[in-house]
Amino acid sequence: MNALQQAVALSLATSAVPASLAKDVYKEFHPFAYHPEVVEVYANYINRSGKLTNIPQEINLGGVVNLGSQRFCMDFLIGEFNATFFNLPVDVAIEQHARIIRAMLGKEFDDTRLRQLHNLGYMPLRVKTIKEGTIVPYGVATVTVVSTKVGFQWLTNSIETVMSCEISGISTSCTTATAYMKVFYEFAIKTGLPLEMVPFQGHDFSMRGMIFGRQGAYISGLGHLASGLVGTDTIGAVCLAERFYKANIEKELVGCSVDATEHSVTCSWIEEGEEEFVKYLMNIASPKGILSIVADTWDFENFVTKILPRLKDAIMARDGTVVIRPDTGCPVKVLTGYTSDEIEIDDTFDRVFCKETRKELSAFEVKGLIETLWDIFGGTHTTGTDGKQYKLLDEHIGAIYGDSITLERQRLILQRLMDKGFTSKVVLGIGSYTYQYVTRDTHGSAVKATSMVKCDRRVAIFKSPKGFEFKKSAKGLLYVGRDEDGNIYQEEDVSVEREQEGLLETIFLDGEMMNTTSLQEIRQRIFEQIT
């Protein structure tokens with residue numbers, strides 16, 4: 001192994017995949033395929049359609065939350081390109097790229113363009129975006145990117161692949177989380193729940209189920225936090241918020257969690273029993289603050305109806321809130337019980353059955369967790385927007401369901417609690433089913449080139465597959481603005497001067513960031529749009 005090979009091997013062993021290789025391999029051919037007189041390429045990132053959206057129609061966000069371009073530019077266009085390309089000796093940077101391409105394409109590698117880029121020392125691109133946190137209608141570009149120097153026009157669409165996968169996921173997660181947030185606010189207002197509780201009602205438990213690794217979990221988790229929901233167990237998401245969105249955990253609430261148990265620690269008390277376990281938790285392990293206890297390791301009904309009443313005085317005297325967490329069964333039924341339409345009563349034997357399954361139900365199952373906790377611990381009342389009084393659980397007790405929650409189930413739970421006369425005081429865990437059962441097609445996200453400078457003149461370009469017009473791209477340079485009613489709209493094939501106006505503003509230019517935004521600003525924008 002010669003010195004260059006040794007240097008390349010060391011570089012690859014101590015760094016991530018080189019940023020120059022973060023793309024579809026066929027894009028290696030494109031610099032040679034563009035018309036020789038094309039000197040500039042302009043493209044946009046857009047959410048084309050809500051046909052496959054995961055957001056129920058009644059929530060009606062009005063589009064997709066724009067999020068992620070700032071992190072993408074800072075992390076990839078600057079951070080990764082510097083670490084794995086620009087900061088390396090030129091021959092090492094070129095060879096680590098070339099050896100992969102030679103092997104995959106089976107031919108010699110022309111390093112001219114890559115060597116020119118390394119010599120330049122930065123990515124010659126301009127990235128513009130609408131303010132992050134803005135809910136942008138379908139069919140309106142949220143991000144544009146254009147090459148800034150002759151000879152590097154191939155770069156624009158070279159980053160299409162990585163730009164698409166890095167932005168679409170975080171934007172989709174934030175849009176989903178924003179939908180949760182909007183529904184939590186809706187029912188908090190209806191039932192008189194203090195609005196300061198809302199940001200804590202949706203808790204991110206998704207990391208363990210994000211099957212493509214920790215980075216995906218962190219990025220999705222950042223989308224969760226950007227919505228304004230602050231409950232999370234994904235620590236990496238908090239780190240990303242500080243690194244890329246000016247957050248400061250010492251000066252603001254970025255993300256938070258609580259003392260909480262899981263089945264393994266409960267099982268360590270199998271000989272002493274759950275009652276002794278809870279006493280130990282409250283007296284020794286977590287004597288104050290919020291304490292979440294998984295309560296269905298063995299017998300959930302026994303825990304709630306027998307153990308909790310015996311511990312009532314200790315719970316009410318504790319400085320903090322004990323939160324009961326069931327983890328098994330249908331969350332709607334476990335939390336809210338059964339309605340009169342869902343049960344049949346056998347008056348002869350005083351028994352209750354589920355109409356659908358014919359399963360006999362206990363009084364606890366019919367009531368559900370929230371009503372049972374009210375019967376044990378009581379609470380206060382609030383006044384809803386309908387003038388009715390709603391029950392608010394005592395501050396010393398609460399409930400969380402951390403599994404199998406969907407947007408549809410969220411609404412069912414809150415509506416059924418409201419129908420039973422309770423406020424929406426409950427925490428719902430949002431997991432990987434919610435954040436991972438989506439694709440790039442959920443919002444029709446795509447990056448497409450729409451304009452070029454060729455033969456010293458600007459040419460508007462577009463794709464429009466015959467018979468599949470829904471895949472038609474925008475055309476030419478784009479302008480995004482607001483009409484007199486404040487609605488966001490897009491104009492196509494505009495002049496250079498018109499493109500420079502409107503809501504799209506430069507955040508990255510030739511290796512430098514500008515006009516950056518903060519997590520706090522993003523949260524405020526989202527709040528103003530959903531309340």
Side-chain angles (χ1 to χ4, degrees), residues 15-34 38-47 66-88 93-94 96-97 100-101 104 111 113-118 120-130 132 141-171 215-216 219 244 440 445-453 461 463 473-474 477-478 504 506-514:
S15 66
V17 174
S20 63
L21 292 172
K23 58 186 173 185
D24 294 312
V25 69
Y26 68 78
K27 288 188 179 291
E28 280 293 316
F29 172 65
H30 293 176
F32 307 96
Y34 277 116
V38 168
V39 296
E40 178 191 295
V41 175
Y42 170 97
N44 75 95
Y45 175 93
I46 191 169
N47 297 296
N66 180 36
L67 188 73
S69 53
Q70 180 169 303
R71 187 203 68 85
F72 170 69
C73 293
M74 294 174 69
D75 187 40
F76 182 74
L77 296 183
I78 297 176
E80 287 195 20
F81 257 98
N82 283 346
T84 68
F85 185 74
F86 292 122
N87 292 347
L88 297 180
I94 298 298
Q96 70 178 7
H97 181 107
I100 298 294
I101 300 305
M104 293 188 72
D111 67 5
R113 290 170 176 79
L114 210 58
R115 195 170 290 274
Q116 290 172 343
L117 179 62
H118 191 281
L120 185 65
Y122 61 84
M123 294 291 277
L125 297 169
R126 179 190 294 272
V127 178
K128 299 174 71 174
T129 186
I130 299 174
E132 296 199 32
T142 59
V143 185
T144 62
V145 56
V146 63
S147 55
T148 60
K149 292 188 177 299
V150 174
F152 296 98
Q153 62 278 0
W154 54 273
L155 266 181
T156 300
N157 269 53
S158 177
I159 67 167
E160 172 200 355
T161 311
V162 65
M163 181 177 172
S164 175
C165 74
E166 290 282 339
I167 295 179
S168 61
I170 188 172
S171 178
Q215 292 299 330
I219 294 170
F244 298 116
R440 184 171 71 104
S445 308
V447 178
K448 299 298 176 187
T450 62
S451 178
M452 294 180 175
V453 173
I461 62 173
K463 63 172 285 187
S473 71
L477 297 178
L478 305 177
L504 289 163
T506 301
I507 61 166
F508 174 91
L509 178 61
D510 293 341
E512 300 291 335
M513 297 298 299
M514 56 192 68

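Numbering starts at 1 and runs along the sequence shown.
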Of all the heavy-atom pairs spanning [X] and [Y], show the shortest one and how long it is.
X	Y	answer
Val447	Glu160	O-OE2, 3.2 Å
Ala141	Leu504	O-CD2, 4.3 Å
Ser168	Ser164	OG-O, 2.7 Å
Thr84	Ala19	OG1-N, 2.9 Å
Thr450	Ala474	CG2-O, 3.4 Å

Rounded to the nearest 0.5 Å, how far does [atom2] of [Y] lie from [atom1] of [X]?
X	Y	atom1	atom2	answer
Leu125	Gln153	CG	CD	11.5 Å
Ile100	Ser20	CD1	OG	10.0 Å
Asp510	Tyr122	CG	OH	4.5 Å
Ile170	Glu132	CD1	CD	7.5 Å
Ser69	Met163	OG	CE	7.5 Å
Thr506	Met513	OG1	CE	10.5 Å

Could you tell me if the side chain of [Y] sits less than 4.5 Å from the side chain of [X], heavy atoms only?
X	Y	answer
Glu80	Asp75	yes
Trp154	Ser147	no
Ser158	Lys23	yes
Asn47	Tyr45	yes
Leu120	Phe152	yes

Ignoring hydrogens and geometry, is there a side-chain-to-backbone donor-acceptor pair from [X] to [Y] under 3.5 Å?
X	Y	answer
Thr156	Val41	yes
Gln70	Phe244	yes
Glu28	Ile101	no
Lys27	Asn157	yes
Arg126	Val146	no
Tyr42	Leu478	yes
Ser171	Ile167	no
Glu166	Phe72	no
Asn87	Asn82	yes
Asn66	Ile130	yes

Ring-plane angle category for [X] and [Y], please: parallel below 30°, perpendicular beyond 60°, tilted otherwise.
X	Y	result
Phe85	His118	perpendicular
Phe81	Phe76	perpendicular
His30	Tyr26	tilted

Please evaluate residues Ile46 and Lys448 with respect to the criterion side chain to side chain contact (heavy atoms under 4.5 Å, CB included), reporting the C-alpha separation (whole Å), side-chain torsions for both, the decisive distance (0.1 Å), and the verdict. CA-CA 8 Å; Ile46 191 169; Lys448 299 298 176 187; 5.8 Å; no

Phe508 and Ile78: CA distance, side-chain angles, deciding distance, side chain to side chain contact (heavy atoms under 4.5 Å, CB included) verdict: CA-CA 9 Å; Phe508 174 91; Ile78 297 176; 3.6 Å; yes

Does Gln116, at its CD atom, have more than 12 non-hydrogen atoms belonging to other residues, nucleotides or ligands within less than 6.0 Å? yes

Using the side chain to side chain contact (heavy atoms under 4.5 Å, CB included) criterion, which residues pair with Ile461? Sequence neighbours excluded. Ala449, Met452, Val459

